[in-house]
2 protein chains.
Amino acid sequence: MLIHDDCLNALKHLQPSSVDLVYLDPPFFTQKKHKQRNRDNSEEYTFDDCWESVDSYRHYIEDRLKVCHEVLRDSGSIFLHCDRTASHYLRFALDRVFGTSHFQSEIIWSFRRWSNAKKGLLNSHQVIFFYSKTDQFKFFQMYQSYSPATNLDQIFQERVRDKRGKSAYRKIGSKPILIDTKKGVPLSDVWDIPYLNPKAKERVGYPTQKPIALLERVLALATQEGDLVFDPFCGNGTTLVAAKLMKRRYFGMDLSSKAIQLAQHRLENPVKTHSELLQKGRDSFRNQSTDIAEFLQQINAYPVQRNKGIDGFLKDGERIKPIPVKIQRHEESLDEARKKLLRACKSSDFDKKLLISFEAPSLSCDLKHNFYVIPSVLASYELISSTLLKGTSS
Amino acid sequence: MLIHDDCLNALKHLQPSSVDLVYLDPPFFTQKKHKQRNRDNSEEYTFDDCWESVDSYRHYIEDRLKVCHEVLRDSGSIFLHCDRTASHYLRFALDRVFGTSHFQSEIIWSFRRWSNAKKGLLNSHQVIFFYSKTDQFKFFQMYQSYSPATNLDQIFQERVRDKRGKSAYRKIGSKPILIDTKKGVPLSDVWDIPYLNPKAKERVGYPTQKPIALLERVLALATQEGDLVFDPFCGNGTTLVAAKLMKRRYFGMDLSSKAIQLAQHRLENPVKTHSELLQKGRDSFRNQSTDIAEFLQQINAYPVQRNKGIDGFLKDGERIKPIPVKIQRHEESLDEARKKLLRACKSSDFDKKLLISFEAPSLSCDLKHNFYVIPSVLASYELISSTLLKGTSS
DNA sequence: TCCAGAGATGAATCCACCC
DNA sequence: GGGGTGGATTCATCTCTGG
């Protein structure tokens with residue numbers, strides 16, 4: 001259900017104590033007008049985030065939070081999305097409306113972002129406050145995998161306390177007792193979820209669009225199938241799309257009729273980016289074994305992850321053009337490795353190329369292609385820099 | 001320099017406008033008494049974090065922030081460490097004393113933690129607010145490496161704007177032009193720095209001890225050699241130790257004489273954990289190639305990272321004991337793989353073991369050792385679960 | 001019914017020992 | 001002797017009990 005109205009009037013359309021989850025992404029008090037054009041430039045979406053004063057902003061928010069509180073069931077929760085500009089005001093308002101003791105989590109949505117360097121740190125997170133209406137709230141624990149540094153062997157061993165109260169592993173004879181497989185680590189409050197890619201199909205051109213994956217996680221934590229989800233500032237309707245995909249009922253409101261139209265349209269044809277990054281996580285792109293990574297570090301090169309022919313680029317401030325490096329794999333012949341590197345370089349104008357080989361007998365150089373081969377046993381930053389980096393061609 | 005006194009009196013010891021960086025880690029308004037014993041149980045360190053009301057806490061902090069503001073140079077900055085309990089109050093205080101426009105960053109210190117599960121998300125971050133005294137503040141940009149998902153090839157291509165103002169890659173003929181090597185991505189405001197390990201030598205037994213690595217990053221961002229660093233709640237003196245190691249001058253105050261003694265002692269013998277984790281990052285423990293990881297996922301097994309003989313454990317809720325799995329590598333013979341798995345299992349009472357082999361001709365089972373070998377071409381969750389997981393022994 | 005304090009808990013990490 | 005792996009330790013915890 002979608003209503004074009006101020007959410008202050010939500011009670012005209014919703015029963016009190018009927019909603020299981022409120023997710024809202026209100027204006028952030030940026031004091032700016034936000035605009036963005038859609039894909040074919042035919043429409044411009046805007047919203048206004050300018051206020052007379054902090055106080056008027058605070059009142060505006062607090063009044064609407066009160067309505068949210070009223071429509072929520074006792075077992076319900078609210079997730080409030082904010083950026084750093086006014087997060088403290090928003091949390092204050094939540095404390096007042098929901099009560100300090102119903103604060104559950106400060107969720108950090110962390111993402112990687114491309115941006116020009118400014119003075120200072122690159123802002124790459126937003127905050128989601130999670131409050132429950134009462135102490136008895138719906139919550140479905142999720143688990144994440146153990147850290148790679150964890151000693152899993154040991155985690156599976158049963159423990160007891162000895163007489164002095166120290167913990168020890170229970171053993172029969174010399175062998176420890178194994179216990180049932182564990183589920184993993186409870187989900188942390190720092191969520192690394194990629195930002196909606198500028199080219200993602202999921203994008204509809206509305207400002208501040210959130211990835212569906214983020215909303216899916218929120219819905220999975222606090223609702224079941226059939227539950228009612230309410231988004232009082234629904235905008236382009238990401239929350240509602242996520243709800244629809246996950247078989248929750250949904251109700252959205254927005255002051256902009258264009259937003260409502262857009263959301264309506266999205267709900268009829270929900271598109272979710274099938275992104276490998278979103279599904280498998282950033283690390284799935286890491287295809288280098290640690291050996292290779294260490295080798296690259298040794299010769300002072302940047303690692304490159306998504307290229308079969310190039311493993312890294314040599315770092316050197318004085319050179320204008322980077323030099324691609326490939327490290328021969330044990331399952332590759334020297335000639336195969338050579339071909340892969342050349343193929344990968346075909347479409348660019350690298351002037352020199354470097355192959356590190358474990359089977360080449362000595363340093364060699366094919367001057368026609370400016371192709372250097374260095375045996376891995378000799379490879380060092382010093383040798384490389386004296387051979388390749390000195391004769392700079394710009 | 002270390003002074004045993006309330007930092008409200010800092011001006012007795014410090015000139016106004018003399019300090020380059022203030023880092024503080026004040027009480028968090030947890031309304032609890034915090035204690036911890038040191039390594040050999042000879043000393044107990046405590047501090048009190050109980051307050052009459054939020055207001056008294058707020059005043060306490062605000063008064064001390066005013067002193068910090070006064071001792072700071074115009075080019076100086078303040079980093080205020082807080083947890084989620086009262087971060088909004090602290091930020092209000094900073095806004096009032098330093099001015100909203102001097103807010104620079106909300107830094108998220110994120111870590112992995114071990115704690116028993118509760119209803120809700122596992123709290124695993126703390127917040128550091130970064131404010132500058134003026135707009136002209138010292139800041140030394142740091143860079144981190146590109147995300148593995150980044151297409152580095154493309155980053156190195158020069159870009160220009162076309163007539164319509166859209167950016168495009170500059171090409172000569174069909175080949176893109178390569179530009180100078182880049183420095184990396186500007187440091188983000190989400191910092192993943194491991195929590196101080198329970199067994200770390202760096203630990204001195206004082207509650208809430210922060211890792212030196214965290215402080216080093218703060219100091220590197222906002223100070224140079226010789227600069228003066230002030231910690232008004234220095235506790236065990238981590239900030240000062242970091243300052244000393246980085247050749248900054250330092251000044252610490254604390255209300256507890258035990259803390260001052262401890263800090264003094266630490267400064268005389270600064271110990272910093274030489275941690276592989278801190279140096280190389282968590283991913284250095286990941287020694288599995290993506291192929292192996294995908295294979296494990298396919299057969300529904302937990303990956304194990306730190307073991308030459310065991311690559312994973314089969315997941316199954318109904319079984320009592322986990323079953324270790326090894327996947328034969330191409331550079332290993334079947335017999336080597338077999339031996340490695342058996343050796344790794346020696347000290348535990350696993351009842352079944354599974355080896356996935358690319359050279360075994362067919363499924364085989366050594367009943368004496370309960371050792372199963374499955375050819376990799378046949379390996380699937382269905383086969384494995386019907387062969388190994390059904391006949392449960394508890 | 002609420003609060004304080006005791007008791008149970010669990011995985012991430014460094015360390016030290018062992019081949 | 002040096003890399004690998006088992007073991008110990010911890011709680012700006014979390015939960016439960018009893019007064």
Side-chain angles (χ1 to χ4, degrees), chain A residues 101 135 143-162 164-171 174-176 179 182-186 188, chain B residues 25-39 41 45-50 81-87 109 111-127 192-211 213 233 235 271-282 284-285 287 302 304-310 340 343-348:
Chain A
S101 70
D135 288 335
Y143 295 88
Q144 58 188 98
S145 46
Y146 292 93
S147 154
T150 299
N151 188 349
L152 255 194
D153 265 9
Q154 196 181 344
I155 299 286
F156 289 129
Q157 295 174 21
E158 195 177 331
R159 273 197 323 184
V160 285
R161 296 240 169 224
D162 66 11
R164 305 206 325 284
K166 284 207 166 186
S167 111
Y169 296 99
R170 198 155 77 82
K171 292 184 176 185
S174 67
K175 291 195 173 185
I179 46 176
K182 311 247 175 145
K183 279 178 254 169
V185 194
S188 130
Chain B
D25 184 16
F28 286 169
F29 193 63
T30 52
Q31 299 290 36
K32 280 181 196 154
K33 250 197 178 135
H34 298 273
K35 332 178 192 191
Q36 203 179 328
R37 304 203 132 263
N38 70 350
R39 232 142 241 292
N41 257 349
Y45 300 101
T46 59
F47 71 78
D48 215 331
D49 186 12
C50 303
H81 195 121
C82 44
D83 89 337
R84 48 185 207 152
T85 334
S87 60
W109 172 35
F111 43 84
R112 290 194 148 239
R113 221 176 42 117
W114 47 103
S115 161
N116 98 33
K118 62 155 190 171
K119 188 173 175 183
L121 299 162
L122 191 62
N123 172 225
S124 48
H125 74 274
Q126 286 180 359
V127 174
D192 184 6
I193 295 181
Y195 200 79
L196 205 53
N197 187 275
K199 280 193 81 171
K201 279 205 187 122
E202 193 178 314
R203 254 181 198 276
V204 291
Y206 195 83
T208 79
Q209 189 176 342
K210 303 289 175 295
F233 296 88
V271 177
K272 187 186 155 193
T273 306
H274 170 84
S275 146
E276 198 184 3
L277 187 67
L278 283 171
Q279 283 210 322
K280 297 201 205 159
R282 208 158 356 248
S284 68
F285 282 84
N287 54 15
Y302 269 108
V304 168
Q305 302 285 351
R306 303 176 18 177
N307 197 309
K308 279 268 189 295
I310 300 176
K340 282 186 188 171
R343 179 146 35 90
C345 293
K346 211 174 45 182
S347 62
S348 286

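Quick note on labels: first sequence line is chain A, next is B, and so on, each numbered from 1.
For the pair A/Gln144 CD and C/dA11 P, the interatomic distance rounds to 11 Å; values are reported in whole Å. Spacing between atom CZ of B/Arg203 and atom P of C/dC14 amounts to 11 Å, rounded to whole angstrom units. The distance between atom CG of B/Asn197 and atom C1' of C/dC15, rounded to the nearest whole Å, is 9 Å. The distance between atom NZ of B/Lys201 and atom C1' of C/dA16, rounded to the nearest whole Å, is 9 Å. Rounded to whole Å, the distance from NZ on B/Lys340 to P on D/dG3 is 16 Å. The distance from atom CD of B/Gln305 to atom C1' of C/dT13 is 15 Å, rounded to the nearest whole Å. Regarding B/Glu202, its CD atom lies at a distance of 10 Å from the P atom of C/dC14, rounded to whole Å. Between the CZ atom of B/Phe111 and the P atom of C/dG10 there is a distance of 19 Å, given to the nearest Å.
The CZ atom of B/Phe29 sits 9.0 Å away from the OG1 atom of B/Thr85 when rounded to the nearest 0.5 Å. Residue B/Asn123 holds its CG atom at 9.0 Å from OG of B/Ser115, rounded to the nearest 0.5 Å.
Between the C1' atoms of C/dA12 and D/dT15, the separation comes to 22 Å (whole Å). Taking atom C1' in both D/dA8 and D/dA12, the straight-line distance is 23 Å, to the nearest Å. A distance of about 23 Å separates the P atoms of D/dT9 and D/dT13, rounded to the whole Å.
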All N/O contacts under 3.5 Å from nucleotides 13-15 of chain D to the protein, with atom names and distances to one decimal?
unit_1, atom_1, unit_2, atom_2, d
D/dT15, OP1, B/Lys119, N, 3.2

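At a threshold of 4.0 angstrom between heavy atoms, the contacts of B/Tyr195 are confined to the sugar-phosphate backbone, with no base atom among them. Across all strands, B/Pro26 comes closer than 4.0 Å to base atoms (heavy-atom distances).
Under a 3.5 Å cut-off, the side chain of B/Lys210 and the backbone N or O of B/Thr208 do form a donor-acceptor pair. Under a 3.5 Å cut-off, the side chain of B/Gln126 and the backbone N or O of B/His81 do not form any donor-acceptor pair. Side chain of B/Arg343 to main chain of B/Gly309: no donor-acceptor pair is present (N/O by atom type, distance under 3.5 Å, no hydrogens or angles). In this structure, B/Glu202 contributes its side chain and B/Pro211 its backbone to no donor-acceptor pair below 3.5 Å.
Among the nucleotides D/dT5, D/dA12, D/dC11, the one closest to the side chain of B/Trp114 is D/dC11. Considering only side-chain atoms of A/Ser147, the nucleotide from D/dT10, C/dA12, C/dA16 that sits closest is C/dA12. For B/Pro27, counting side-chain heavy atoms from C-beta on, the closest listed nucleotide (D/dA12, C/dA11, C/dC14) is D/dA12.
Residues B/Asn307 and B/Gln305 have side chains not in contact (no heavy-atom distance under 4.5 Å, counting atoms from C-beta outward).
An OP1 or OP2 oxygen of D/dA12 is reached within less than 4.0 angstrom by no side-chain nitrogen or oxygen of B/Thr208.
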message = For Watson-Crick and G-U wobble pairs within 3.5 Å on both distances, what is DNA chain D written in dot-bracket notation, | included for inter-strand pairing?
response = .||||||||||.|||||||
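Taking the six-membered ring where the residue is Trp, B/Tyr195 and B/Phe111 present tilted rings, their angle falling between 30° and 60°.
In terms of position along DNA chain C, the nucleotide closest to A/Val185 lies nearer the 5' end than the nucleotide closest to the other residue of the pair A/Val185 and B/Arg343.
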